[in-house]
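Structure first, commentary second.
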Amino acid sequence: MEDFIVNICSRVKSASVELALYDTQKKNAILDHIAKELLNNKDLILRANIADLSNNKEKPSHYLDRMKLTEGRIQSIAQGVRDVIALDDPIGQVIEQFTAPKNGLKIHKVRVPLGVIGIIYEARPNVTVDTAVLCLKSSNAVILRGSRDCINSNTVLVDIMKNAIKDAGGNPDILGYVDCTHEQAIGLMRANDYIDVLVPRGSERLIKTVVQNSTIPVIETGTGNCHVYVESSADKDMAVDIVVNAKVSRPSVCNAAESLLIDESIYQEYLPLICNALTEHGVQIRGCEKTCQVFDKAIPATEKDYYTEFLDYIISVKVVKDYNEAIEHINKYGTKHSESIVTKNDYIAREFTKRVDAAAVYVNASTRFTDGGEFGFGAELGISNQKLHARGPVGLKELTSYKYIINGNGQIRQ
């Protein structure tokens, strides 16, 4: 591992011991100062972001949208920091307490920080702030490795936060940023002596690289090949609204819908309405044979389309026999992120939520709500598709482990 990476990691590891001693008041004071300084330096942040966008203008529009910061987005980032301040501090919370029946020991199961969390991520400079703030509130020191495409934005944001931490009386080394090549990042993935948990956030390729190369435990945030299934009893207007919102409100994010499924008993009536509403927003329809028959602007879908997270104004469409086929399709092609059913049938809704294997399963709501802020977590480290150690939006509680504290009065084991 490169010496400069070792230096950053060792400083953060040392600072993590100090961070673990900060009480809630001190951590909140640090976060409050970060929120204020983000707003005070918004012009500096925007200039850095404009430079990043200029350096990557050949990239696809959906990628540039992920990179882009505006005054409104900076205000939202700062508000996200304040939302985290308002949340309960999980550290020290008693999860469970009981008396051991055999020996009378008083046992408390208490939340503790994970230690040092490493984040490897792409684009989206807001992740730089969101992840740092969540880690600090949960008493975890953090090492960030962001995309070089956003190097100017990330560097400015990290400098602002480190200065804010120092000004608020904290140790700025509780936050580290590593600017390194892809090859050097492999060393970061194997820094077991310094990093306790690693979180990749970005493309399928990035996530796979981290999972395959890391010797550190990984919380795997995944891609979002999300579906909306319109069941035969669905309210027509509700179906249109949910599908359009799930697809077009922000196509470049992981909770956007990438595929539409619809029952064959209603597709001739419902599908033209839904597809017309989508195409009015510039969405390209890639559909099955029946879809193409009722909507002449659709182009034939391939098998690959049903597996694809487009992150763009494209959606795959499939007419299915019933909810059983819809569930089979989702479990085959989906990425276990967010899935939605539009229905009036309570039995089918229960079957859908029970049998669909995903981190978030919706009934009569858009997939776009899979988000730490929308769930009331303030922000999130990412959306985990796996089942260990966390699933769904990774918030404060998901960034903790626990330990047992045992009190006795002289017991010895016989």
Side-chain angles (χ1 to χ4, degrees), residues 1-16 19 44-45 48-49 51-56 58-59 63-64 66-67 69 114-136 140-163 165-166 171-223 381-382 394 399:
M1 188 164 57
E2 300 285 343
D3 289 345
F4 78 95
I5 297 178
V6 172
N7 180 49
I8 293 170
C9 289
S10 62
R11 285 163 57 191
V12 174
K13 181 71 172 178
S14 296
S16 70
L19 174 60
L44 180 63
I45 297 169
N49 187 245
D52 288 329
L53 292 171
S54 178
N55 291 338
N56 292 276
E58 77 286 353
K59 298 287 176 66
Y63 187 84
L64 294 176
R66 285 179 164 229
M67 289 178 57
L69 291 175
L114 294 169
V116 177
I117 298 178
I119 319 290
I120 299 179
Y121 58 105
E122 294 173 330
R124 299 185 69 176
N126 65 291
V127 173
T128 303
V129 179
D130 290 348
T131 54
V133 165
L134 284 169
C135 288
L136 299 184
N140 292 288
V142 59
I143 298 171
L144 302 171
R145 192 275 178 181
S147 166
R148 285 197 155 187
D149 290 344
C150 292
I151 185 62
N152 295 293
S153 304
N154 289 335
T155 299
V156 166
L157 290 169
V158 169
D159 286 346
I160 290 169
M161 289 191 289
K162 287 176 76 72
N163 288 332
I165 292 168
K166 184 177 180 179
N171 185 341
D173 285 337
I174 59 178
L175 168 60
Y177 186 81
V178 176
D179 175 25
C180 63
T181 65
H182 292 295
E183 292 74 20
Q184 291 168 332
I186 299 298
L188 192 65
M189 298 174 200
R190 298 173 181 172
N192 298 66
D193 291 340
Y194 307 101
I195 300 174
D196 297 287
V197 177
L198 196 59
V199 183
R201 182 167 174 175
S203 67
E204 183 178 7
R205 180 181 177 184
L206 168 69
I207 294 164
K208 185 179 292 186
T209 297
V210 173
V211 170
Q212 291 177 348
N213 287 279
S214 178
T215 56
I216 302 167
V218 175
I219 296 177
E220 184 180 344
T221 64
T223 54
L381 213 66
V394 179
L399 297 178

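Counting begins at 1 with the first residue of the sequence.
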Counting C-beta onward and ignoring hydrogens, is there a side-chain heavy-atom pair between V158 and L144 closer than 4.5 Å?
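In contact.
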
Do I143 and I117 make a side-chain contact, defined as non-hydrogen atoms from C-beta onward lying under 4.5 Å apart?
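I143 vs I117: side chains apart.
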
Applying the side-chain hydrogen bond (donor to acceptor under 3.5 Å, both in side chains) criterion to D179, which one of Q184, R145, R148 satisfies it?
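That would be R148; it is the only one of Q184, R145, R148 passing the side-chain hydrogen bond (donor to acceptor under 3.5 Å, both in side chains) with D179.
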
Roughly how far apart are D130 CG and L381 CG, rounded to 0.5 Å?
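Between atom CG of D130 and atom CG of L381 there are 9.0 Å.
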
Nearest 0.5 Å please: distance from the CD1 atom of I8 over to the CD atom of E2.
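With rounding to 0.5 Å, CD1 (I8) is 11.0 Å from CD (E2).
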
Taking all non-hydrogen atoms of both residues, which atom of [X] and which atom of [Y] are closest, and how far apart?
X    : Y    : answer
M189 : I120 : CG-CD1, 3.9 Å
V116 : Y194 : CB-O, 3.3 Å
C180 : I5   : CB-CD1, 4.3 Å
S147 : Y177 : O-OH, 4.4 Å
T131 : V127 : OG1-O, 2.6 Å
T223 : S203 : CG2-C, 4.4 Å

Would you sort out whether L188 and C9 count as a side chain to side chain contact (heavy atoms under 4.5 Å, CB included), showing the intermediate values?
CA-CA 9 Å; L188 192 65; C9 289; 3.8 Å; yes

After noting the C-alpha distance and the side-chain angles of I165 and I174, does the key distance pass the side chain to side chain contact (heavy atoms under 4.5 Å, CB included) rule?
CA-CA 9 Å; I165 292 168; I174 59 178; 3.9 Å; yes

For T209 and S214, what are the C-alpha separation, side-chain angles and deciding distance, and is it a side chain to side chain contact (heavy atoms under 4.5 Å, CB included)?
CA-CA 8 Å; T209 297; S214 178; over 6 Å; no

Would you kindly say whether T221 and Y121 are connected by a side-chain donor-acceptor distance under 3.5 Å?
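Judged by distance alone, the side chains do not pair up.
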
Hey, does the side chain of [X] reach the backbone of [Y] with a donor-acceptor pair shorter than 3.5 angstrom?
X    : Y    : result
N56  : D149 : yes
S16  : K13  : yes
N140 : G115 : yes
N49  : S153 : no
T155 : N152 : no
N7   : D3   : no
K162 : P172 : yes

Assess whether a salt bridge exists between D52 and K59, defined as any Lys/Arg side-chain N lying under 4.0 Å from an Asp/Glu carboxylate O.
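Answer for the salt bridge query: no.
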
